[in-house]
A.B. asks: 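I have a structure here, written as structure tokens, and I will follow up with some questions on it.
Note: hydrogens, waters and symmetry copies are ignored here, and every other heavy atom, side chains too, is used.
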Amino acid sequence: MRTLFLNPPSYDDFDGGAGARYQAKREVWSFWYPTWLSYPAGMLPGARLLDAPPLDMTIDEVVSIARDYDHVVLHTSTPSFRADVRTAQALKDAKPSTVIGFVGGHVTARPEESLRFAPVIDYVVRKEFDTAVVAIAEGRDLADVGGVSFLRNGAYHHNPDPTPLTTEQLDALPFSSDVYARDLDYKKYNSPYCQYPYVSLYTGRGCPARCTFCLWPQVTTGHSYRTRSVGNVLEECSNLKRHFPEMKELFFDDDTFTADPQRARDIAKGLGKLGITWSTNSRANVDRETLKIMKDGGLRLFVVGYESGNEQILKNIKKGVSVERARRFTKDCHDIGILIHGTFIVGLPGETHETIEQTIRFAQEMQPETLQVSLASPYPGTAMYDWVNEHKYLTVDSLVDETGYQKCTVSYPEISADDIFKAVETFYRRYYFSRRYIWKSIKKMASDREEAKRLLSEGKEFLTSMWKRRQIAQTPTRLKTEASAQA
């Protein structure tokens, strides 16, 4: 079957696609690459990867393109699932013979529930779906494909999970960057902490950490860090400048690129020879010598999930990195010249007004170059979801509102959902509107005209986003809507 791999239309400026770890409208312009879909899109002759949100495509425009295909694979998420089903229905209405498959974390965690809710879905693939959707496109019966769930003769069938891909199998996959170059416009993608334009790749799958809130390792990729070989990664990187001549930065979006320090050092040495500026995700526990080697190899920035400045909350979520260890790591990064984009979460188990204040002060102490503050989002399939459900702390099962903004879906005896929601803006304002940060930004803008344009543009978007959040918080119907959803 001729196959279209689709990241479907969604809310305006909603970054919820096939590469986003959590799905919501961002404070500033941000779109992640649909990397997961790129692998099978490169394996099937005549296939196409269509990423609708960065192109601002409507459902009608997608339907017009999809008419030329026999088989459409949609990447979905918990926040976008209902909207994605509407897209699937439009595809099926326009061409009833279209075979429609859903992939992603939501249908992995809730396969039968998804099929029951949306009969328009012909099948779902749980966990990693690369080889499964290719086998289906090539004509293999659904009953013979690992990881597939489907309805047949009035009964729901759930085939055994697929075996996770090995290094040899990961190396055999097509380069996602080749598919980007063929099907996407790399200038439509932006990450606020990366230099624009940027390109994002995976060098491995899975994460050994046990964070209770994190979706991918618990639901789709597992807790074993399975990696591509160093040579395979560097081979792909050597072609990036040819594909994307104006690329300023490469981002490795592995959950924890530094989980294998020796491999991280080896890749860094190779990237240094290629002259590529790059950034990646890291836990706050990398040794100083590895940091030096990575910096020498062109590393510019780490995205670091600090999550909280409270030691007990870190234990509650099984972070595995103490506040003190994070302090030492951050000091090493500052000393060596590695920038940090710090990510924090409010509303984790154990949160109170006092712990939020503690986390804000911890962020101010760490002085990341930029930061992201998110609401705790209990995704189905995660330990956090089970915990808040068991303790009846889940207030509503929808993670975003009708416009795509994150909602606070948890409320604790010590702090309400409304107070957690409002804490996000308080956190941002106290960090970004501090004298120290404003002065640093002024100096940065004075030395780089392009950076000045970007900071001013993102500053405007950020303020607009905060204004909209206040409107949401002050709308009397908000709690009524959530109560209705509960009912």
Side-chain angles (χ1 to χ4, degrees), residues 21-24 78-79 109-110 209-215 218-219 305-323 326 342-365 371-402 405-431 466 469-487:
R21 276 179 175 72
Y22 78 93
Q23 296 79 29
T78 298
R110 293 178 167 175
R210 299 282 168 171
C211 306
T212 62
F213 61 87
C214 194
L215 175 67
Q218 294 184 79
V219 176
Y306 292 106
E307 323 311 355
S308 175
N310 178 269
E311 198 70 60
Q312 186 57 53
I313 288 179
L314 295 178
K315 291 177 181 177
N316 293 345
I317 63 172
K318 300 183 180 179
K319 184 65 186 177
V321 178
S322 68
V323 170
T343 66
F344 299 86
I345 300 174
V346 293
L348 292 167
E351 197 78 273
T352 65
H353 292 93
E354 291 73 24
T355 60
I356 290 175
E357 176 64 27
Q358 194 173 357
T359 299
I360 292 173
R361 291 181 179 179
F362 178 68
Q364 292 169 331
E365 178 191 347
L371 57 74
Q372 171 185 307
V373 185
S374 305
L375 291 164
S377 294
Y379 281 90
T382 64
M384 182 182 172
Y385 181 87
D386 293 340
W387 187 83
V388 295
N389 232 356
E390 178 187 345
H391 290 81
K392 303 190 186 316
Y393 295 147
L394 191 65
T395 60
V396 61
D397 211 12
S398 176
L399 297 176
V400 296
D401 68 12
E402 63 277 5
Y405 279 102
Q406 260 195 319
K407 290 198 301 189
C408 185
T409 61
V410 294
S411 184
Y412 303 119
E414 298 82 7
I415 186 169
S416 69
D418 277 348
D419 285 350
I420 295 171
F421 182 86
K422 292 172 183 175
V424 172
E425 182 177 355
T426 300
F427 201 139
Y428 274 132
R429 286 186 172 276
R430 285 180 55 184
Y431 191 80
M466 291 299 102
R469 284 183 58 85
R470 285 197 299 279
Q471 298 304 110
I472 294 169
Q474 293 167 6
T475 301
T477 57
R478 176 169 167 257
L479 291 178
K480 293 178 185 177
T481 301
E482 294 184 355
S484 298
Q486 272 187 283

A.B. asks: Please, which pairs that meet salt bridge (Lys or Arg N to Asp or Glu O under 4.0 Å) have at least one residue in residues 312-322, sequence neighbours excluded?
C.D. replies: Glu307-Lys319
A.B. asks: Would you say the side chain of Leu394 lies within less than 4.5 Å of the side chain of Tyr385, judging by non-hydrogen atoms?
C.D. replies: yes
A.B. asks: So, taking the atom named CD1 in Ile420 and the one named CD1 in Ile356, what distance separates them when rounded to the nearest 0.5 Å?
C.D. replies: 6.0 Å
A.B. asks: Identify the heavy atoms of Gly309 and Thr359 that sit nearest to each other, and give their distance.
C.D. replies: N-OG1, 3.0 Å
A.B. asks: Please find the pair of heavy atoms, one from Pro378 and one from Val410, that lie closest to each other, and give the distance.
C.D. replies: CG-CG1, 4.0 Å
A.B. asks: Where does the angle between the aromatic ring planes of Tyr393 and Trp387 fall among parallel (under 30°), tilted (30 to 60°) and perpendicular (over 60°)?
C.D. replies: tilted
A.B. asks: By side chain to side chain donor-acceptor pair (under 3.5 Å), which residues pair with Glu365, not counting sequence neighbours?
C.D. replies: Arg327
A.B. asks: Do any N or O atoms from the side chain of Glu414 and from the backbone of Gly350 form a donor-acceptor pair under 3.5 angstrom?
C.D. replies: no
A.B. asks: With sequence neighbours left out, write down each residue that passes side chain to side chain donor-acceptor pair (under 3.5 Å) with Arg361, or none if nothing qualifies.
C.D. replies: Glu357
A.B. asks: If you look at every heavy atom in Asp419 and His353, which pair is closest and at what distance?
C.D. replies: OD2-NE2, 3.1 Å
A.B. asks: Evaluate the side-chain proximity of Thr78 to Pro380: yes if any heavy-atom separation is below 4.5 Å, no if none is.
C.D. replies: yes
A.B. asks: Can you name the nearest heavy-atom pair linking Phe213 to Thr382, along with the distance?
C.D. replies: O-CG2, 4.0 Å
A.B. asks: A side-chain contact here means heavy atoms from C-beta on lying under 4.5 Å apart; do Pro349 and Tyr412 qualify?
C.D. replies: yes
A.B. asks: Under 30°, 30 to 60°, or over 60°: which ring-plane class applies to Tyr306 and Phe344, parallel, tilted or perpendicular?
C.D. replies: parallel
A.B. asks: Side chains of Leu371 and Phe427, heavy atoms from C-beta outward: is any pair under 4.5 Å?
C.D. replies: yes
A.B. asks: Hey, could you give me the OG/NZ distance between Ser416 and Lys422, rounded to the nearest 0.5 Å?
C.D. replies: 7.5 Å
A.B. asks: Ignoring hydrogens and angles, tell me if any N or O in the side chain of Thr409 forms a donor-acceptor pair with the backbone of Lys407 under 3.5 Å.
C.D. replies: no
A.B. asks: Is there a side-chain contact between Leu348 and Asn316, using heavy atoms and a 4.5 Å cut-off?
C.D. replies: no
A.B. asks: Could you tell me the separation between the OG atom of Ser411 and the CZ atom of Phe421, rounded to the nearest 0.5 Å?
C.D. replies: 14.0 Å
A.B. asks: Please determine whether side chain to side chain contact (heavy atoms under 4.5 Å, CB included) holds for the pair Phe362 and Val323, giving the CA-CA distance in whole Å, both sets of side-chain angles, and the decisive distance to 0.1 Å.
C.D. replies: CA-CA 9 Å; Phe362 178 68; Val323 170; 3.6 Å; yes
A.B. asks: Check for a donor-acceptor pair, side chain of Glu351 on one end and backbone N or O of Ile313 on the other, with a separation under 3.5 Å.
C.D. replies: no
A.B. asks: Do the side chains of Ile317 and Met384 get nearer than 4.5 Å, heavy atoms only?
C.D. replies: no
A.B. asks: Quick check: do Val321 and Leu314 have side-chain heavy atoms less than 4.5 Å from each other?
C.D. replies: no
A.B. asks: So how far is it from Ile415 CD1 to Glu354 CD, rounded to the nearest 0.5 Å?
C.D. replies: 8.5 Å
